[in-house]
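As structure tokens, the structure follows; a few thoughts come after it.
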Amino acid sequence: AQKVTQAQTEISVVEKEDVTLDCVYETRDTTYYLFWYKQPPSGELVFLIRRNSFDEQNEISGRYSWNFQKSTSSFNFTITASQVVDSAVYFCALTLTGTASKLTFGTGTRLQVML
Amino acid sequence: DAGITQSPRHKVTETGTPVTLRCHQTENHRYMYWYRQDPGHGLRLIHYSYGVKDTDKGEVSDGYSVSRSKTEDFLLTLESATSSQTSVYFCAISRGPPSYEQFFGPGTRLTVL
């Protein structure tokens, strides 16, 4: 069975600081997809990124960047120059290819960005 | 935004009563899912569907049943609600392979007294 670990339960930063959210996963399969979702205080879940196991290129989208390293089974998420609007719970998730896209979620990291 | 609605959005019920939650999509996606979200557990899969009348169990399916008679609707039923089923329930949809990402509904907060 697969597992996703987000060891950081809560992180607090001051606005404009950079912050990295850690995600470590476990699977015996060689083909899989990794995801990050954001859950703001309003409660909805917002899809941020998908990465497949064959693509280890880092990705940057504005202030967001993702670092995927198969050697350490990690898929970390960095927010540069954090803003108050980044305050949310962030979830990392994993699905195996050919499994009806069932997601295994980590327990989430609550990020609080303060003025 | 993906067209996913959930009803009701909030419900309070008593132990032992049946409860049905509805998920409706306008995206014509093949796959639909029900998750529950609890503190310290993230989201856990209850049941999912890979087509009309095709459903299967997830990680935490005990005490829940589902039905999908139309592509757009996926129902989650608690036959006899218990306090341990107090949770926030999310429906999600996906096209499935090769995109795999899921899009979530707004959630239903269920309280079982």
Original post:
Do B:Ile93 and B:Tyr50 sit in the same hydrophobic cluster, where Ile, Leu, Val, Met, Phe, Trp and Tyr count as joined when their side-chain heavy atoms come under 4.5 Å apart?
Top reply: yes
Original post:
Has B:Leu113 got more than 12 heavy atoms of other residues, nucleotides or ligands less than 6.0 Å from its CG?
Top reply: yes
Subject >> Closest non-hydrogen atom pair, A:Phe47 against B:Glu101 >> reply: CE1-CB, 3.6 Å
Original post:
If we only count heavy atoms from C-beta on, is the B:Tyr48 to A:Lys102 side-chain gap below 4.5 Å?
Top reply: yes
Original post:
Transitively linked via ILVMFWY side-chain contacts under 4.5 Å: A:Leu21 with A:Val46?
Top reply: no
Original post:
Is A:Lys3 atom NZ crowded by more than 12 heavy atoms from other residues, nucleotides or ligands, each under 6.0 Å away?
Top reply: no
**OP:** Could you tell me whether the side chain of A:Leu103 reaches within less than 4.5 Å of the side chain of B:Gln102, counting heavy atoms only?
**Re:** yes
Original post:
Would you find more than 12 non-hydrogen atoms of other residues, nucleotides or ligands less than 6.0 Å from A:Arg50 atom CZ?
Top reply: yes
Original post:
Non-hydrogen atoms of chain B under 4.5 Å away: do they reach the side chain of A:Thr97, the backbone, both or neither?
Top reply: both
Original post:
Where does B:Leu43 contact chain A at under 4.5 Å (heavy atoms): side chain, backbone, both or neither?
Top reply: both
Subject >> Structural part of B:Gln37 lying under 4.5 Å from a heavy atom of chain A >> reply: side chain
Subject >> ILVMFWY network linking A:Phe75 to A:Val24, side-chain heavy atoms under 4.5 angstrom >> reply: no
Subject >> Least distance between heavy atoms, A:Leu96 atom then B:Tyr100 atom >> reply: O-CE2, 4.1 Å
Original post:
Under a 4.5 Å heavy-atom cut-off, does chain B meet the side chain of A:Leu48, its backbone, both or neither?
Top reply: neither
Original post:
Are B:Trp34 and B:Val60 joined in one hydrophobic group, where the rule is that I, L, V, M, F, W and Y side chains link up if heavy atoms are under 4.5 Å apart?
Top reply: yes
**OP:** Could you look at A:Gln39 and say if it's the side chain, the backbone, both or neither that has a heavy atom under 4.5 Å from chain B?
**Re:** side chain
Subject >> Proximal component of B:Tyr31, with respect to chain A [non-hydrogen, under 4.5 Å] >> reply: side chain
